[in-house]
Amino acid sequence: MPEEIAEAQGSLPDSATASALATRFGLEFREGIPPRELDPAIVGRLPIQYARRTACLPLREREDGAIEVALADPRAAQVVDDLRALFQRRIVPIVVPASAILDSINRAYDDAQGTAQSVMGDIEEGGLDEVAHELEEPRDLLDADDEAPIIRLVNSLLFQAVKDRASDIHVEPFERDVLVRFRIDGILYDVLKPPRRYHPTIIARIKIMAGLDIAEKRLPQDGRLRFRVGGRDIDVRVSIVPTQFGERAVLRLLDRTGALLRLEDLGLAGDHLGRLERLIDRSHGILLVTGPTGSGKTTTLYAALSRLNSSSRNIITIEDPIEYQLHGVGQIQVNPKIDLTFASGLRSILRQDPDVIMVGEIRDGETAEIAIQAALTGHLVFSTLHTNDSFGALSRLVDMGIEPFLVSSSLNGVMAQRLVRRVCPGCRVEETSGPEAERELGIAPGAAIFREGPGCDACKDTSYRGRAGIHELLRVDDEIRSLVMQRSDAAALRRLAVQKGMETLRDDGAAKVVDGTTTVAEVLRVTQEEIG
């Protein structure tokens, strides 16, 4: 180590500064740390708290016995001395940006913690019967040590769900066993099958964490909990319902540290982005986003609000639940227990002099009527509706009892969307389009497309990693309004819109198949309602 390396002062250097320091001290500089260069046995000897505080990570032992260590700041001589004392070996510093080191720390120590399956094995070895008996009493559960087997099991499930990018955890009791499943990229996967006798204690622990009544086992309960993993703040919505074989729990995970998406990040293709921006920039009217649960409707509305959010606008939302916190936006949580519903909350919002209003969901005719009246009195209203496509939203509002002339005069547009899984770029297989792609999606025969591969470490052998949106945007113009006034059904609206050149969900899905984002099978899976 060069003699002029001094103690690190102030904040950690950025990537450019770190590179310059590496050059100055004659050290190797790397932009990142490949997982294959991490030796778990070496990493595990350094406490994670120290690694995070000093932004350093031991990598592996070299052939000459020296230990390679990633450092964010090569001037931190004390860190090098500490590591030399810990390993009793020569230390070879490698300069790596702090952000890359922290990511590798989280990944490395995640792997070192073990999976829920390994914790389950520890429970079996230690004998859970005694622990389970103790956990039946609320007092003992509250006083339980953090190292109790059930607590470690539930914590491990939460930890592994975040690591695997799961959006939901399902704990499902059956006659002889319990099934734990994760929903990853919209698909459920089996994760763990604990013995049936452990089910009451697992549910009890979840209830305690969510602040629910552990003595109540006959009625559904909803709660929330928060925890941190690797510096990430995770919010969890907990739903527990009684079933034939015991209580079933579903935990919905939301990463609060994740940045809000912009409209440009939603995957809007072609002219969709420009058309949507023009609808959002209007001074009044209603914009609806439709699709099934979990199709990203709320994310799209938050992106729209983020675009409009400024000191010159008064933006108020009423939601169930509030999924993201938006600075500068007034957000109201629905609470049916005190009669704070979408309809009653929306009435109160109108007395708050709003410019933009977001209603989490239009569930009934009363809410729809108030939203339409708000749009007709000069407010811009965003909301969601559960319909299969954009065309069904107009007839759905009429079915709710809204007069057709009110629907046609207040609605600016409807965007339907779905989420398709992204084919893993690490193992995808290129092929030419066949008859199915041509018949169902209109892709030219012989076009180069991709299909799911055999799976790899990057996608955890699922062949897919992450999701992308497919959209269709219906602008309500004079011709569409005329059909609404005639109480025309969704099929008639679809025929007119397609004749005018509108791209449907399947059209957008076909485009994403051609550009290699997803596969034919995925598009057909999420758009099956539109067949025929």
Side-chain angles (χ1 to χ4, degrees), residues 279-280 282-293 297-298 300-302 304-305 308 313-322 329-416 473-490 492-493:
L279 292 177
I280 290 172
R282 293 190 180 182
S283 60
H284 62 277
I286 298 179
L287 173 64
L288 293 177
V289 181
T290 73
T293 300
K297 300 185 298 296
T298 303
T300 297
L301 291 184
Y302 275 120
L305 290 181
L308 296 175
R313 289 189 178 95
N314 180 21
I315 303 177
I316 305 179
T317 74
I318 179 162
E319 308 170 57
D320 184 24
I322 297 173
V329 175
Q331 296 175 270
I332 302 172
Q333 169 70 54
V334 166
N335 189 349
K337 294 180 181 179
I338 58 174
D339 199 30
L340 178 54
T341 62
F342 281 117
S344 62
L346 187 51
R347 285 196 186 93
S348 299
I349 288 175
L350 292 175
R351 294 191 286 270
Q352 290 283 313
D353 185 31
D355 298 300
V356 181
I357 301 169
M358 187 186 94
V359 183
E361 182 183 350
I362 294 179
R363 296 177 178 172
D364 51 55
E366 184 182 11
T367 305
E369 184 176 357
I370 300 170
I372 285 175
Q373 292 297 335
L376 293 175
T377 53
H379 302 90
L380 183 60
V381 181
F382 299 146
S383 190
T384 69
L385 199 62
H386 284 283
T387 60
N388 288 335
D389 55 25
S390 58
F391 313 100
L394 292 91
S395 54
R396 174 73 183 279
L397 290 174
V398 174
D399 292 341
M400 285 182 174
I402 308 300
E403 292 295 331
F405 75 91
L406 291 176
V407 175
S408 62
S409 58
S410 62
L411 203 59
N412 292 338
V414 184
M415 188 170 78
L473 181 59
L474 172 64
R475 292 188 299 168
V476 181
D477 57 18
D478 290 340
E479 295 178 77
I480 297 293
R481 291 190 179 96
S482 177
L483 286 184
V484 175
M485 292 291 289
Q486 299 170 32
R487 295 180 179 267
S488 299
D489 59 15
L493 294 169

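All figures in this text were calculated on a predicted structure; none of them were measured in a lab. Numbers here are sequence positions counted from 1.
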Salt bridge or not between D399 and R396? Use side-chain N to carboxylate O under 4.0 Å. no
Identify the two heavy atoms, one from [X] and one from [Y], that lie closest to each other, and give their separation to 0.1 Å.
X: L305; Y: M358; value: CD1-SD, 3.5 Å
X: A375; Y: H284; value: O-CB, 3.7 Å
X: L376; Y: S410; value: CD2-CB, 3.9 Å
X: L394; Y: V407; value: O-CG1, 4.3 Å
X: A343; Y: I370; value: O-CD1, 3.5 Å
X: L350; Y: A374; value: CD2-CB, 3.5 Å

State, without any angle test, whether S482 and Q486 hold a side-chain donor-acceptor pair at a distance under 3.5 Å. yes
Interatomic distance, [X] atom [atom1] to [Y] atom [atom2] [nearest 0.5 angstrom]:
X: T341; Y: D364; atom1: OG1; atom2: CG; result: 7.5 Å
X: L411; Y: L279; atom1: CG; atom2: CG; result: 9.5 Å
X: S408; Y: D477; atom1: OG; atom2: CG; result: 11.5 Å
X: S390; Y: L385; atom1: OG; atom2: CG; result: 11.5 Å
X: S383; Y: R363; atom1: OG; atom2: CZ; result: 10.0 Å
X: I280; Y: T300; atom1: CD1; atom2: OG1; result: 9.0 Å

Any pair counted as salt bridge (charged side-chain N to carboxylate O under 4.0 Å, His left out), so long as it reaches residues 344-359, sequence neighbours left out: R347-E366
Heavy atoms from other residues, nucleotides or ligands near CD of E319 exceed 12 (cutoff 6.0 Å): yes
From V476, V381, L380, residue fulfilling side chain to side chain contact (heavy atoms under 4.5 Å, CB included) relative to N412: L380
Can you name the one residue among L346, I316, I315 that meets side chain to side chain contact (heavy atoms under 4.5 Å, CB included) with I357? L346
Between T384 and V289 (side chain of the first, backbone of the second, donor and acceptor by atom type, cut-off under 3.5 Å), is there such a pair? no
Taking only residues two or more places apart in sequence or in another chain, which ones pass side-chain contact (heavy atoms from CB on, under 4.5 Å) with H386? T293, K297, E361
Heavy-atom check, side chain of F382 versus side chain of V356, under 4.5 Å: yes
Show the numbers, then the answer: is there a side chain to side chain contact (heavy atoms under 4.5 Å, CB included) between L397 and L288? CA-CA 11 Å; L397 290 174; L288 293 177; 4.0 Å; yes
Side-chain donor-acceptor pairs of residues 332-339 under 3.5 Å, sequence neighbours excluded:
unit_1 : atom_1 : unit_2 : atom_2 : d
Q333   : OE1    : I322   : N      : 3.2
Q333   : NE2    : D320   : OD1    : 3.3
N335   : OD1    : K337   : N      : 3.2

